[in-house]
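Down below is the structure, laid out as C-alpha cells.
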Amino acid sequence: MSNLNIDAAKANTFDVIVIGSGISGGWAAKEFTEKGFKTLVLERGRDVQHIKDYPTTNKFPYEFEHLGEPALAIKKENPIVSRCYAFKEDAMHFMVKDKEHPYVQEKPFDWIRGYQVGGKSLLWARQTQRWSDFDFEGPARDDFAVDWPIRYKDIAPWYSYVEKFAGIAGHRDGLAELPDGEFLPGFPLNAAEDYFKGVIKNKYPARHVISARCAHLSKPNQIHLDQGRAKCQNRILCQRGCPFGGYFSSNASTLPWAAKTGNLTLRPFSVVESVIYDDAKGKVTGVRVADTNTKEVTEYYARIVFINAGALNTNLILLNSKSKRFPRGLGNDSGVLGKYVAFHNYSARISAEYDGLKQYATDGRNPAGGGYIPRFRNLLKQEMNFKRGYAAGIYGSRYMERDRSGIGGSLKDNLLHGKLSPWIIGSHMMGETIPKESNFVSLSASEKDAWGVPLLNISVAYDENDALMKADYIGQMTEMFTEAGFKNITPNVSSQSPGLDIHEMGGARMGRDPKTSVLNEWNQLHTCPNVFVTDGACMTSTSTQNPSLTYMAFTARSVDYAVKAMNRREI
Amino acid sequence: MERRLVIKQVLIMAGGLALLPSCLREQGKSTILLKNLDISLDQENLMADIAETIIPRTNTPGAKQLKLHLFALKMVDECYEKADQELFVKGLTAFQDQAQDLFSKSFGKLSLHQRESMLAKLENSTSPEQSGFYKIMKEKTIDGFLNSKYVMTNLIIYELVPGRYNGYFPVKTA
C-alpha cells in the first residue's frame with residue numbers, strides 16, 4: 001500500500017509546476033522545458049490546439065449565424081462578457097460565459113476571461129510597447145504605491161530576449177519614453193496618420209506619433225519559421241486564432257515549442273484549488289487540483305511553482321493557499337496580498353473627419369492598427385492637477401459609404417457602388433490608474449464555485465485622478481485634432497466599469513520591503529522562495545503600455561533566476 | 001459522411017447562411033425553424049415580395065433568389081427584443097391587410113409600380129408598427145444583401161487573406 005502511494009506521488013512529481021497556460025504561463029513552460037526541466041502546465045479550461053481548434057478561423061462573414069452578432073438570448077444571458085468588444089460569433093467560444101464562473105462584484109467590475117489552453121493570448125490586442133524608467137520610476141517619483149525593485153536596465157535584455165522569439169514588428173523611433181526593441185520591419189502609418197504625425201511634430205515637439213509596435217510576423221526570421229509560424233497575412237481576424245501563426249500566442253508559439261522538448265506535460269481541465277505549503281519543510285511542495293469535469297482532487301508536486309493564472313485568479317489562488325505558517329494566504333505576512341489592484345483606463349475615445357488627402361485610401365489591412373502616442377503628460381516632471389498620464393491609439397481610415405435611401409434598382413445600384421468617405425480619424429486613451437489599498441480583491445466568506453473554491457470578491461473603482469486624466473485626454477486630443485484641421489470632432493466618453501480594459505494588474509506586487517510587497521525583484525515570494533508570480537498580479541504600478549510584453553520579459557527573467565538558484569541549491 | 005450529406009440537402013441557404021427548415025413542415029407555416037416568432041407561410045411569402053421590391057432582380061440576383069427575406073426573418077427572430085418582434089409582426093400583418101383593402105389583391109400580385117408606391121408610403125408612415133416593421137425589414141434586407149455570399153464573392157469581393165497593406169493607396173478624388 002505504502003509503495004503504491006510512493007508510486008502515485010512519483011507519477012505526480014515534476015521539477016516545475018506552472019499554473020496557467022496564457023501569455024506568461026506559456027513562456028514559463030517554454031523556458032523551463034528548454035532548460036531540461038520536467039514541467040507540468042495546469043490549465044483550468046479545455047485544450048485548444050493551434051489551427052486544429054480554431055473553428056471559425058476561415059469563415060466568411062456570411063457563414064456566421066447572425067453576421068457575427070451574438071443572438072439576443074446569448075447577450076441577455078451574458079451581460080458582462082457581452083460588453084467586451086471581442087464577444088462576437090467568431091470568438092465567443094474563447095471567452096468565459098457569465099454563469100459558468102461567477103464572482104462577486106462589490107463594485108461593478110467587468111471581468112473578461114478566457115479559460116482554455118492559451119488563455120487570452122488567443123484574443124489579445126497584440127500591442128507590445130516596452131516600459132522605460134519613466135514608468136519604473138513613477139511610484140517613487142510621484143509618491144504612490146511602492147518603489148519598483150527593478151529598473152529598465154534589469155529588464156531590457158529580457159525584453160530583447162522575448163521579442164526575438166515572439167516576433168515584434170516596429171520601427172526604431174529613438175524615444176526615451178518608449179525604448180526601441182528587437183524589431184521585425186514595422187507596419188507603415190497611412191496617409192492620414194502620417195499627416196497627423198507631421199502636425200504633432202511641428203506643433204508639439206515633446207509629443208510623438210509612431211506606428212504601434214505589435215506581435216506580428218511582418219517578416220519572419222528562422223526562429224519563427226522553426227516554430228511553424230508564417231508571415232502575417234493582414235487578415236486582422238486574430239481573435240479567431242491564426243492559421244498562419246502570424247501573431248504571437250501561447251498556442252502558436254511557446255506551448256508547441258515546449259512540447260517538442262519532450263519535457264512538457266500539459267493538463268487541461270485542472271482547476272488549482274490551492275498551493276500546498278508544508279509547514280514542516282518550510283516551503284511549497286506542490287498544488288492541489290480539482291478536475292474541471294469530474295471534480296476529483298489530485299495533488300501534484302514540484303520543486304518550484306510558477307503562478308500564472310491571470311492577475312486576479314493568481315491572487316485568488318494565493319489567498320486560498322492557507323497554512324499554519326500563512327493563515328491569511330501564501331506569502332501574505334504583510335496583509336498586502338489582494339490589495340493595490342490597478343488597471344488601465346480605456347473609457348474615453350474621440351473621433352473626427354479630415355477633408356484632405358482624398359487622393360489616398362488604404363488597401364489591405366494593418367495588423368498594427370495604426371499609430372501610437374506614448375505618454376507625454378507628467379513625463380519629465382509632475383505638471384498637471386492629476387498624477388501620471390495616458391498613451392493614445394490613433395488611426396485613420398476611409399470606408400465605403402453606401403446610400404441606403406430609396407428602393408428598387410437604384411437602391412441596388414447605390415449599394416453596389418459606394419463612395420469613399422473622407423478620412424475618419426479615431427483615438428482611444430490608455431490611462432494609468434493609481435494602485436490603492438481600497439482597490440482590492442478578497443475571498444468570499446460565504447460563496448464557493450463548483451470546485452469548492454471561494455468566489456473572488458472584486459472591489460475596484462475609478463477615482464478622481466482618473467476623471468481628471470480622462471478630461472485632459474479629451475481636451476488635448478481635441479486641441480491636437482483642431483491643430484490638424486480635423487472637423488466634426490466627437491468625444492465619446494464612456495461610463496464603463498473597470499475591467500473592460502482587460503488589463504487588471506497587481507495584488508501581489510513587487511517591492512523591496514516584505515512589509516509592503518508580496519514579491520521581490522525576481523518575482524519570487526519574499527517569504528516562500530520556491531514560488532514565483534510573473535503574470536499581471538506582480539505589477540507594482542500599471543503605467544500606460546499594454547502589459548503582455550512586460551509579463552513575457554518578467555517570466556523569462558524569473559525562470560533564468562530560478563534555474564540558477566536551483567543549481568545553487570538555494571531553492 | 002452520409003449524415004452530413006443529408007443535412008446539407010435539407011438546409012436552406014439564405015444569403016450564404018445555412019438555415020434549418022422548420023421541423024414539423026406544418027401546413028401554412030414558415031419554412032424555416034423559428035425560435036420566437038409565429039409567422040405564416042403567407043407572411044413569409046409577403047416578406048419575400050417586399051424584399052424583392054427593395055432589392056429586385058436586375059442583371060444580378062434579387063432578394064428572392066438570395067432568400068434575403070429568410071435572413072431578415074432569422075435576424076428578427078433571434079436578435080431583436082420581444083417588443084420589436086411584436087411591432088414587426090403587427091406591422092407585417094397590417095401591411096398584408098392593407099394591400100387587400102387597397103387593391104383587393106395580395107401584395108405579390110400587384111404591379112411593380114403599385115408595390116413600390118406602397119413601400120414608399122410605408123417609408124413615410126407615422127404608424128409606429130408600420131414604420132417600425134419596414135425599418136427593420138429594409139435594414140435587414142440590405143444587410144443580408146451586402147453580406148450575402150453572392151455579393152461578397154462576385155460584386156464586392158471580401159478578402160479573407162489580403163496579405164498586404166498599403167497606407168497610400170491612390171484613388172480618384174472626383
Query raised in the report: Is the closest basic N to carboxylate O distance between A:K75 and B:E81 below 4.0 Å?
Result: no

Report task. Select one option (side chain, backbone, both, neither) describing which atoms of A:L237 are under 4.5 Å from chain B's heavy atoms. Result -> side chain

Report task. Could you list which of residues 114-147 of chain B have a heavy atom closer than 4.5 Å to any heavy atom of chain A, in residue-number order? Result -> B:E116, B:L119, B:E123, B:Y134, B:K138, B:E139, B:I142, B:D143, B:F145, B:L146, B:N147

Query raised in the report: Can you find a heavy atom in the side chain of B:M152 that is under 4.5 Å from one in the side chain of A:F60?
Result: no

Requested in this report: Report yes if the side chains of A:L67 and B:F71 come closer than 4.5 Å at any heavy-atom pair, otherwise no.
Outcome: yes

Query raised in the report: How about A:L72 and B:Q85: do any of their side-chain heavy atoms sit closer than 4.5 Å?
Result: no

Requested in this report: Pick one of side chain, backbone, both or neither for A:F64, based on which atoms fall under 4.5 Å of a heavy atom in chain B.
Outcome: backbone

Query raised in the report: Side chain, backbone, both or neither: which part of A:L357 has a heavy atom under 4.5 Å from chain B?
Result: neither

Report summary line: Looking only at A:E69, A:K76, A:K231, A:E63, the option with the highest number of non-hydrogen pairs under 4.5 Å against chain B is A:K76

Requested in this report: Kindly give the heavy-atom pair with the smallest separation between B:V161 and A:R235, and that separation in Å.
Outcome: CA-CG, 3.9 Å

**Report entry** Heavy-atom pair with the smallest gap, counting every atom of A:R402 and B:I156
**Finding:** NH1-CD1, 3.5 Å

Query raised in the report: If only atom types and distance count, is the side chain of B:K74 paired as donor or acceptor with the main-chain N or O of A:H66 below 3.5 Å?
Result: no

**Report entry** Choice from A:A191, A:P188, A:A71 maximising heavy atom contacts with chain B below 4.5 Å
**Finding:** A:A191

Report task. Sort A:S405 into side chain, backbone, both or neither according to what part of it lies under 4.5 angstrom from a heavy atom of chain B. Result -> backbone

Report task. Considering non-hydrogen atoms only, spot the tightest contact between B:T53 and A:I407 and give its length. Result -> O-CB, 4.2 Å

Report summary line: Correct closest heavy-atom pair for A:P70 and B:C79 would be O-SG, 4.4 Å

Report task. Of all the heavy-atom pairs spanning B:P56 and A:K412, show the shortest one and how long it is. Result -> O-NZ, 2.9 Å

Query raised in the report: Do A:R365's NZ or CZ and the ring of B:Y158 fall within the cation-pi criteria of under 6.0 Å and 45°?
Result: yes

Query - Heavy-atom closest pair, residues A:Y62 and B:T153 - result: OH-CG2, 3.6 Å

Requested in this report: For each of A:D413, A:L416, A:L420, tally heavy-atom pairs with chain B at distances under 4.5 Å, and name the one with the top tally.
Outcome: A:L416

**Report entry** Distance in Å, A:N234 CG paired with B:N166 CG, rounded so as to fall on 0.5 Å steps
**Finding:** 11.0 Å

Query - Most chain B-contacting option - heavy-atom pairs closer than 4.5 Å, from A:G396, A:P367, A:G406 - result: A:G406

Requested in this report: Mark yes when over 12 heavy atoms from residues, nucleotides or ligands other than B:K149 sit less than 6.0 Å from its NZ; otherwise mark no.
Outcome: no

Report summary line: Given B:L155, B:L160, B:I55, B:T60, the one with more heavy-atom pairs under 4.5 angstrom with chain A than any other is B:L160

Query raised in the report: B:T58 versus chain A, heavy atoms under 4.5 Å apart: side chain, backbone, both or neither?
Result: both

Report task. Find the distance between CG (A:N190) and OH (B:Y165) and round it off to the nearest 0.5 Å. Result -> 4.0 Å

